[in-house]
Amino acid sequence: MNRNGPQIALVYFGQLCLFWTDQERECSRIGGLRACPHCRRPLNMLDLTGWREMHRDYALTSDIPNYLAMIEWMKGKCFLSLRDAKSAYEHRKGPRGPILVS
């Protein structure tokens, strides 16, 4: 809590890309607005609770296995489509070689 009241945990996420972070210092700035540090597109903000609820709700109907784990893995990365993010997640490399997710 700060002297102005409790701090609200925020998530910064892309309007036109799938970048997200919970650290404001990881965001770029363009004309005073927060932007993706990779593609420089604008970012939105949402409280962490709302962010988690939004993705939990989507996971219930998603055909992507391990959707919530994929979203966590995407933190700090920029993708222009969910298809691209899913492909990168499925073919990511672990410390012992490729990790293939079915």
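Numbers here are sequence positions counted from 1. The figures here come from the full heavy-atom set of this structure, side chains too, leaving out hydrogens, waters and symmetry mates.
For the atom pair CG (Leu10) and CG (Asp22), the distance works out to 9.5 Å, reported to the nearest 0.5 Å. Rounded to the nearest 0.5 angstrom, His38 NE2 and Ser28 OG are separated by 8.5 Å. Separating the OG atom in Ser62 from the NE2 atom in His55 is a distance of 11.0 Å, to the nearest 0.5 Å. Here the straight-line distance linking atom CD1 of Ile30 with atom CZ of Arg41 works out to 11.0 Å at 0.5 Å rounding. One finds the CZ atom of Arg40 at 11.5 Å from the CG atom of Leu33 (value rounded to the nearest 0.5 Å). Taking CD1 of Ile71 as the start and CE of Met54 as the end, the distance is 8.0 Å to the nearest 0.5 Å.
The shortest side-chain heavy-atom distance between Tyr89 and Ile64 does not fall under the 4.5 Å cut-off. Tyr12 is not listed as a side-chain neighbour of Cys36, based on a closest heavy-atom distance of 4.5 Å or more. Side chains of Met70 and Leu82 form a contact here, defined as non-hydrogen atoms less than 4.5 Å apart. Proximity of Leu80 to Cys17: side-chain heavy atoms (C-beta onward) are separated by under 4.5 Å at one or more points. In this structure the side chain of Leu48 reaches within 4.5 angstrom of the side chain of Arg52, judged on heavy atoms. Side chains of Thr21 and Cys27 form a contact here, defined as non-hydrogen atoms less than 4.5 Å apart.
The distance between the ring centers of Tyr67 and Tyr58 falls below 6.0 angstrom. Between Trp51 and Phe13, the ring centre distance stays below 6.0 Å.
Met74 and Leu68 fall within the same hydrophobic cluster, defined by Ile, Leu, Val, Met, Phe, Trp and Tyr side-chain heavy atoms under 4.5 Å apart, directly or through other members. In the hydrophobic cluster analysis, where Ile, Leu, Val, Met, Phe, Trp and Tyr join through side-chain heavy atoms closer than 4.5 angstrom, Val11 is grouped apart from Leu43.
Cation-pi geometry between Lys75 and Trp73 is not met: the NZ or CZ atom fails to fall both under 6.0 Å from the ring centre and inside 45° of the normal.
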- Message: For Trp20 and Glu72: C-alpha separation, side-chain torsions, deciding distance, then whether side chain to side chain contact (heavy atoms under 4.5 Å, CB included) applies.
- Response: CA-CA 9 Å; Trp20 78 273; Glu72 286 299 318; 4.2 Å; yes
- Mind running salt bridge (Lys or Arg N to Asp or Glu O under 4.0 Å) on Arg29 and Glu24 for me, showing each step along the way? CA-CA 10 Å; Arg29 293 267 180 177; Glu24 185 175 13; 2.8 Å; yes
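Counting heavy atoms of neighbouring residues, nucleotides and ligands inside a 6.0 Å radius, atom CD1 of Ile8 does not exceed 12 of them. Other residues, nucleotides and ligands place more than 12 heavy atoms under 6.0 Å from the CZ atom of Arg34.
What you find for Pro37 and Phe19 is that their closest heavy atoms are CD-CZ, 3.5 Å.
A side-chain donor-acceptor contact under 3.5 Å links Asp47 to the backbone of Gly50.
Inspection of the Ser87 and Asp84 side chains reveals no N or O donor paired with an N or O acceptor under 3.5 Å.
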